[in-house]
Amino acid sequence: MTKSFKEALKARRTFYQIDSKSTLSDKEIRDLIRFAVEHVPSAFNSQSTRVVLLTGKAHERLWNIVKDALRKRIPTEAFSKTEEKIDGSFACGYGTILYFEDVAVVRSLQERFPAYKENFPVWSEQTDAMHQLAVWTMLEEAGMGASLQHYNPLIDDEVRKAWNLPDDWKLIAQMPFGVPVAQPGPKEVMPLDKRVFEFTD
């Protein structure tokens with residue numbers, strides 16, 4: 001049964017325990033991502049977000065890149081726990097979606113509209129975040145679980161090199177996904193009267 005947008009948004013959670021199965025075909029995943037990229041808004045219609053879908057060996061390669069980067073920074077005696085977390089939460093999924101911002105687009109807007117120069121990097125990341133939420137919510141609606149990870153900038157250079165991506169693409173986040181194998185605990189929500197305010201005059 002198809003969920004409404006509100007139902008999918010409410011059900012969307014961070015799933016760390018996922019497996020390598022998918023409720024969608026690869027084409028359906030691609031179409032889902034392309035739908036978000038086409039329809040999510042951006043400041044000044046910049047369309048600066050770039051999205052890369054990794055499945056199969058490419059997905060495995062990404063998480064090997066992450067482990068190699070962390071192995072250089074984490075003491076040997078402590079690395080096994082880090083490796084266990086990555087292998088048991090992210091690398092074991094069906095795929096990973098990478099979110100980038102094309103900083104060449106941001107620079108161009110800064111040059112064209114200098115009065116807003118300081119705002120464009122902020123607006124760019126806001127645009128990227130909207131893409132992340134849109135894709136995440138649609139994955140939830142399709143019965144998939146995902147989480148949002150931030151191993152950038154440690155892995156940026158190796159990721160660009162691995163898939164021959166432009167130097168101007170700034171990695172913002174990584175979203176491993178798959179079919180959930182366990183439900184997360186209850187969500188803690190701050191009282192809404194401390195977060196939402198209304199005035200009529």
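Note that the coordinates shown come from a computational prediction; the quantities given were computed from them, not determined experimentally.
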Next on the checklist: What verdict does the salt bridge (charged side-chain N to carboxylate O under 4.0 Å, His left out) test give for K10 and E7, after you've listed the backbone C-alpha separation in whole Å, the side-chain angles of each residue and the deciding distance to 0.1 Å?
Outcome noted: CA-CA 5 Å; K10 180 179 179 180; E7 290 169 336; over 6 Å; no

Item to check | Pairs where residues 124-133 contributes a residue and the test salt bridge (Lys or Arg N to Asp or Glu O under 4.0 Å) is met, not counting sequence neighbours | outcome: E125-K170

Checklist entry - Would you say T23's side chain and A142's backbone share a donor-acceptor pair under 3.5 angstrom? => result yes

Checklist entry - Less than 4.5 Å apart, any side-chain heavy atom of V51 and any of V135? => result no

Item to check | Close side-chain approach of N152 to V159, heavy-atom, < 4.5 Å | outcome: no

Checklist entry - Short question: side chain of S108, backbone of A104 - any donor-acceptor pair under 3.5 Å? => result no

Next on the checklist: Regarding W123 and S46, do their side chains bring together a donor and an acceptor under 3.5 Å, going by distance alone?
Outcome noted: no

Checklist entry - How about E101 and P121: do any of their side-chain heavy atoms sit closer than 4.5 Å? => result no

Just distance, no hydrogens or angles: give the donor-acceptor pairs under 3.5 Å from side chains in residues 183-192, sequence neighbours left out.
none

Item to check | salt bridge (Lys or Arg N to Asp or Glu O under 4.0 Å) pairs, two or more places apart, involving residues 23-36 | outcome: K27-D31

Item to check | Sequence neighbours excluded, every pair satisfying ring-ring contact (aromatic ring centres under 6.0 Å, His included) that has a member inside residues 173-195 | outcome: none

Next on the checklist: Can you tell me how far apart CG (L133) and CG (L148) are? Round to the nearest 0.5 Å.
Outcome noted: 10.0 Å

Item to check | Listed once per pair and sorted, the side chain to side chain donor-acceptor pair (under 3.5 Å) pairs that draw on residues 70-84, sequence neighbours left out | outcome: D68-R71

Next on the checklist: I'd like to check the side-chain hydrogen bond (donor to acceptor under 3.5 Å, both in side chains) partners of R61; sequence neighbours left out, ordered by chain and number.
Outcome noted: none

Next on the checklist: Which label fits F120 and Y116: parallel for a plane angle under 30°, tilted from 30 to 60°, or perpendicular past 60°?
Outcome noted: perpendicular

